[in-house]
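Below: the structure, in structure tokens.
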Amino acid sequence: MKYDLAVIGAGPAGMMAAGRAGEFNANVVLIEKNKTLGNKLLITGKGRCNFTNKRDDLKQMIEKFGKNGKFLFSCFYKFGPDETIDFFEKRGVKIKIERGGRVFPLSDKSKDVLDALIGYLKESKVKIMTGQAVKDVIKKKNKIEKIILNNLREIVAKQYIICTGGKSYPSTGSTGDGYQWLKNIGHTITRLSPALVPVITQEQFIKDIEGLSLKNVKISLWQNNREIGSAFGEAIFTHNGLSGPIILDLSRKIIDQSNIEIKIDFKPALNFIDLDKRIQKDFKKTNNKMFKNSLNELLPQRLIPVIIAISKIEPEKKVNLITREERKKIIHLLKEFVLKVKRLDGYDKAIITVGGIDLREINPQTMKSRLIDNLYLAGEILDLDGPTGGYNLQACFSTGYIAGENASKF
């Protein structure tokens with residue numbers, strides 16, 4: 001059977017694209033290699049599904065995507081956070097807005113978001129083919145001629161949308177298949193890297209403070225003595241490095257993983273001079289105590305032995321014998337606690353993939369390929385990545401909606 005449109009990949013972008021095209025009465029088939037739809041969507045936000053971010057100024061939202069964000073102007077103005085919220089509310093998903101504009105279903109269940117999208121596919125009369133992996137995409141001249149499935153069945157359509165996602169969480173089906181098909185038919189793939197991912201560090205002592213949470217800290221990334229990014233907020237020590245909201249966001253800055261250091265400022269509200277005054281004040285109170293018992297008001301208990309060991313100050317030395325130079329060492333460790341980055345954790349821990357289809361090869365107003373006449377692209381397969389907070393799912397919904405609408409005009 002010949003279709004008007006074939007959509008490959010039933011993640012958020014693919015479901016939105018297929019549903020939108022079906023609204024225009026296109027005969028649409030949605031092809032998914034998993035046996036169920038939206039596997040990755042179900043685990044986003046630890047199963048709560050932070051599906052967009054409510055911002056009054058779209059420019060602020062676009063800036064979160066860095067230099068490639070301008071590509072999203074047209075998509076976000078046509079189908080942005082307000083339209084996305086309206087889309088889900090009309091389909092019975094009650095919402096709530098949390099800190100930083102993060103939008104969740106009121107139920108805290110990602111299944112509500114998935115059910116709304118599946119309902120949309122039914123409304124739009126989309127034919128759904130699950131458990132069907134695509135083996136190859138065949139191009140003839142300047143058009144895709146057909147799709148060949150693993151069982152050698154052929155799917156022929158007038159138009160095609162590829163929304164196969166990135167390489168993050170491969171257990172959900174995101175194994176990067178689409179990159180190879182698109183490379184084979186002439187598209188350029190930029191450098192790929194896991195992102196929104198924990199960072200593994202070189203230091204052995206990290207395992208001793210696994211699970212220690214840090215609040216209201218400033219963390220900066222340095223490469224070859226140049227700062228490449230910084231963030232303020234929360235982080236957590238893992239058995240082999242660091243994770244948590246600000247680490248996940250900063251991981252997007254780590255493309256070349258060589259010569260990178262993490263610097264933690266445990267006391268960002270105090271400059272070096274004020275911190276020195278604070279320490280002197282604490283030391284006065286604990287004048288006759290041993291050094292190891294004098295830092296309780298400055299640091300979490302589990303971090304104190306680490307700071308002492310690195311400072312090389314004798315733990316049992318009396319506080320009133322601590323020298324000015326030793327005090328400077330302590331201040332430096334509290335303001336610039338350095339960890340050396342070994343590598344990023346793998347795609348199996350990454351929320352998204354940095355890199356993808358070169359945006360110069362796609363029309364940002366329609367999501368149509370500039371190289372293939374009947375091909376559209378949407379979602380995480382594109383070279384777009386935003387921080388945590390609903391930005392990446394919004395990019396999937398927006399690009400999918402625009403691709404679906406335009407691919408139905410044949």
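- With respect to Glu326 and Lys312, no salt bridge is recorded, no charged nitrogen being found less than 4.0 Å from a carboxylate O.
- In this structure, Lys111 places its NZ atom where only 12 or fewer heavy-atom neighbours from other residues, nucleotides or ligands lie under 6.0 Å away.
- Salt bridge Lys54/Asp82: present, at least one basic N to carboxylate O contact under 4.0 Å.
- Side-chain atoms of Tyr391 and Arg102 include no donor-acceptor pair closer than 3.5 Å.
- Using a 4.0 Å cut-off between charged side-chain N and carboxylate O, Asp4 and Lys158 make a salt bridge.
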Apply side chain to side chain donor-acceptor pair (under 3.5 Å) to the pair Thr164 and Asp177, showing each step before the final yes or no.
CA-CA 7 Å; Thr164 47; Asp177 303 343; over 6 Å; no

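- The backbone N or O of Gly166 lies less than 3.5 Å from no partner atom in the side chain of Thr353, so there is not a single donor-acceptor pair.
- Across Asn50 and Gly389, no two heavy atoms sit closer than the pair OD1-C, 2.8 Å.
- Residue Asn225 places its CG atom among 12 or fewer non-hydrogen atoms of other residues, nucleotides or ligands, all under 6.0 Å distant.
- Here Glu361 does not pair with Arg370 in a salt bridge; the nearest charged N to carboxylate O distance is not below 4.0 Å.
- Listed here is the closest heavy atom pair of Leu41 and Thr44: O-OG1, 2.8 Å.
- Checked against the 6.0 Å centroid criterion, the rings of Phe51 and Phe88 qualify as a close aromatic pair.
- Side-chain contact, Glu210 with His239: no donor N or O sits under 3.5 Å from an acceptor N or O.
- Between Asp358 and Arg360 a salt bridge is recorded (basic side-chain N to carboxylate O distance below 4.0 Å).
- Evaluated for a side-chain contact (heavy atoms from CB on, under 4.5 Å) with Ile310, the options Ile313, Ile308, Val306 yield exactly one hit, Val306.
- Residue Lys78 qualifies as enclosed at atom NZ: its count of foreign heavy atoms under 6.0 Å is above 12.
- Between Glu316 and Lys292 there is a salt bridge, since a side-chain N of the basic residue sits under 4.0 Å from a carboxylate O of the acidic one.
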Walk me through whether Glu98 and Arg48 qualify under salt bridge (charged side-chain N to carboxylate O under 4.0 Å, His left out).
CA-CA 12 Å; Glu98 296 189 1; Arg48 295 177 64 216; 2.5 Å; yes

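- Although no hydrogens or angles enter the test, the distance criterion places no donor-acceptor pair under 3.5 Å between the side chain of Asn34 and the main chain of Thr36.
- Environment of NZ in Lys125: sparse, with no more than 12 heavy atoms of neighbouring residues, nucleotides or ligands closer than 6.0 Å.
- Under a 4.0 Å N-O distance rule, the pair Asp108/Lys96 qualifies as a salt bridge.
- With no hydrogens or angles considered, a side-chain donor-acceptor pair links Tyr120 and Glu23 at under 3.5 Å.
- A ring-centre distance under 6.0 Å is not found for Tyr376 and Tyr160.
- Listed for the Ser168 side chain is a donor-acceptor partner under 3.5 Å among the backbone atoms of Ile351.
- Using modelled atom types, one finds a donor on one side chain and an acceptor on the other under 3.5 Å when comparing Thr175 with Lys33.
- Under the 30°/60° scheme for interplanar angles, the aromatic rings of Phe79 and Tyr401 are found to lie parallel.
- Using a 4.0 Å cut-off between charged side-chain N and carboxylate O, Glu234 and Lys215 make no salt bridge.
- A salt bridge is absent between Asp115 and Arg91: the closest approach of a Lys/Arg side-chain nitrogen to an acidic carboxylate oxygen does not fall below 4.0 angstrom.
- By the 4.0 Å N-to-carboxylate-O rule, Lys40 lies close enough to Glu380 to be salt-bridged with it.
- Note on Asp86 versus Lys90: salt bridge recorded, some NZ/NE/NH1/NH2 to OD/OE distance being below 4.0 Å.
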